[in-house]
Every structure is written in C-alpha cells, then in structure tokens.
Amino acid sequence: MSSHEPGQSRPPQPGHAPGQHPDGPAYGVVYAAPPTRPPSHRGAWIGAAATLVAAVIGVVGTYLVSSGKDETPAAAPAPAPTTASPAADDRPAQDADTTPGADTTPTADAAPAQETTPAAPTGPAPGSVHWQGTLVITYVEDKDLDAAPPVMSEINSDNDFAVYPFGDHMLRPDNGAKALVWKGAKAPTYADCAGVVGTQATSNDIRVKTGLTVCGRTGEGRLLRMTVTDMAGQAGDTNATFDVVVWAGEPA
C-alpha cells in the first residue's frame, strides 16, 4: 500500500516541467504556453524597401514620359472667321449696260469673221506650156503626149494619138483622147481650144493635110494644139509631122 495519501500532490520532480508526469503525459494535465518571442523588425524593413522602390520607379517613369514628349510647337490657333461677303447669286442684279465701268469690249464670238485666203494651187497654172516642139507620128508608133517630150509608151493605154493610112493619112485619137479641126484664120490659143474641146471634140479619125490645125485633149486632160507641117509614106511607113503645143493643167 502506497504511502501517498489521496488528495495530496506530489512535489514536482527535478528535471520535469510543472504538470508533466515523470513517466509521460497524463490525461487531464494542463500545459503551460511557450514563451512569446520578441517582435521581429523584418516586416518593417521589407515594407520600407518596397515603398522606396515604388518611389524610385515613379520618379524614373515621370522622367521618361517628360523626355519623350513631342517638342514640336503647337499649331497656331485658327484665325477667327471673317464675315463672308454675299454670294454673287444673293447680290441684286445689275444691268450690264448701265453698270459704271463695265467692260463693253466685244467678245471673240461677236468679232466679225475674217476672210479666209484661198490656198495657192500646188500644180502648174492652166495655160502654161507643158511641152512644145516638132513631133513625128508614124503608123507603128503611137505617141503619149502627156510625156515631155512625147514618146511611144510601153503601156498602150497611155498613148494618145496615132496615124493610119486609110487611102490617105488619118489622125486617130486613142484611149480617151479627143480632137477637132480648128477652122479659124489664126492659130488657136489655150483659151480658144478650151472653149471648143469640151463640147465639139470627138474620138473620130481626122483626115489630115499640110497646114491643118486641130485642137485636142490628152487622156489625162491636157489641152493641145497640133498643126500638120508634112506627110510622107504609104501603107506601113505612113507618117505625119506636126508642130505641137501641149498646155499644162486641165481647162478652166
């Protein structure tokens, strides 16, 4: 039997904390709270450092923003609107004839039309001589009187006059050429032939003799005068000699 009396507490053993049983924890025993550590200043330093960093960042940001601003001077303010003059349509109509100082100079449309000078002809003037001289036409050599001097053209349609021996010497206009016998006392001029060729000349054969004169026109429209000065030959060697003037240009 234990000598420990109920209701008496055993004095604490050395090396044990109050309330701790030497053999281990016991139910119903109240432990004392551990001693409180003195407050640390780490949080205060961290907060101060954060405040300092934020202040530095603000100062640097303000500097960068101010240095990056556009230094271009601001545009000058727009001038105040002036009072517009009344439009032309709003002004009272004025009579152009009664307006002082009105310009009465006639416009280009009202200027009198200027006479147009006719262009100078580019070809030779009608009546000028295209060719003049003595021409022999034989039975086998028709002549192109548009050539200067007249020759027998290798293109038969260019030849204007031929000579044939039909019982006598005959002059025949060919390929659009025409002729007629001139019955005047004097040799016809350009104007004389121009006045009769258009109405009386034909493509019929003309019986020729020395001294006979004809007025004619070539296939290209040139007027001519032919006067017989000689006739010779028979049959295949028939020929006639003419004093010829061919005028330039068509008849007026």
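Just so it is clear, the structure is predicted and the values come from calculations on it, not from any experiment.
- Val214 places a side-chain heavy atom less than 4.5 Å from the side chain of Ile206.
- Residues Leu171 and Phe161 have side chains in contact (heavy-atom distance under 4.5 Å, counting atoms from C-beta outward).
- Using a 4.5 Å cut-off between side-chain heavy atoms of Ile, Leu, Val, Met, Phe, Trp and Tyr, with links allowed through other members, Val181 and Phe166 fall into different hydrophobic clusters.
- Scanning both residues, Ala240 and Val163, for their nearest heavy atoms gives CB-CG2, 4.3 Å.
- A heavy-atom distance below 4.5 Å is found between the side chains of Pro188 and Thr213.
- For the side chain to side chain contact (heavy atoms under 4.5 Å, CB included) test with Asp144, the passing option among Asn175, Asn156, Asp160 is Asp160; the others fail.
- Under the 4.5 Å side-chain heavy-atom criterion for grouping Ile, Leu, Val, Met, Phe, Trp and Tyr, Trp247 is connected to Val196 within one hydrophobic cluster.
- Nearest heavy-atom pair, Ser203 versus Lys178, reported as atom, atom and distance to 0.1 Å: OG-CG, 3.9 Å.
- In the model, Thr229 has no side-chain atom that pairs as donor or acceptor with a side-chain atom of Thr241 under 3.5 Å.
- Nearest approach of Ala187 to Arg225, heavy atoms of both residues: CB-NH1, 4.0 Å.
- Applying the side chain to side chain contact (heavy atoms under 4.5 Å, CB included) test between Asp174 and each of Asp158, Asp142, Asn159 identifies Asp142 as the sole match.
- Looking at every heavy atom in both residues, His169 comes nearest to Thr238 through CD2-CG2, 3.0 Å.
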Which donor-acceptor pairs under 3.5 Å do the side chains of residues 124-138 make with protein atoms, sequence neighbours left out?
| residue | atom | partner | partner atom | Å |
| --- | --- | --- | --- | --- |
| Ser128 | OG | Ala125 | O | 2.8 |
| His130 | NE2 | Asp146 | O | 2.9 |
| Thr138 | OG1 | Glu141 | N | 3.3 |

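- Val244 and Leu212 fall within a single hydrophobic cluster, where Ile, Leu, Val, Met, Phe, Trp and Tyr are joined by side-chain heavy atoms under 4.5 Å apart, directly or via other members.
- The side-chain heavy atoms of Met226 and Leu145, taken from C-beta on, include a pair separated by under 4.5 Å.
- Heavy atoms only, all atoms of each residue included: Val197 and Cys215 are closest at CG2-CB, 4.0 Å.
- Looking at Asp230, its side chain never comes within 3.5 Å of a backbone N or O of Val228 through a donor-acceptor pair.
- Minimum heavy-atom separation, Asn239 to Asp237: ND2-O, 3.1 Å.
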Apply side-chain contact (heavy atoms from CB on, under 4.5 Å) to Leu180 and Gln200, showing your working. CA-CA 7 Å; Leu180 76 152; Gln200 302 179 33; 3.6 Å; yes

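- Note that CE of Met231 and NZ of Lys209 are 9.0 Å apart. Values are rounded to the nearest 0.5 Å.
- Residues Met170 and Tyr139 are not in side-chain contact: their nearest non-hydrogen atoms beyond the backbone lie 4.5 Å or more apart.
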Could you go through the side-chain contact (heavy atoms from CB on, under 4.5 Å) check for Leu223 and Tyr190 one step at a time? CA-CA 7 Å; Leu223 289 176; Tyr190 169 84; 3.4 Å; yes

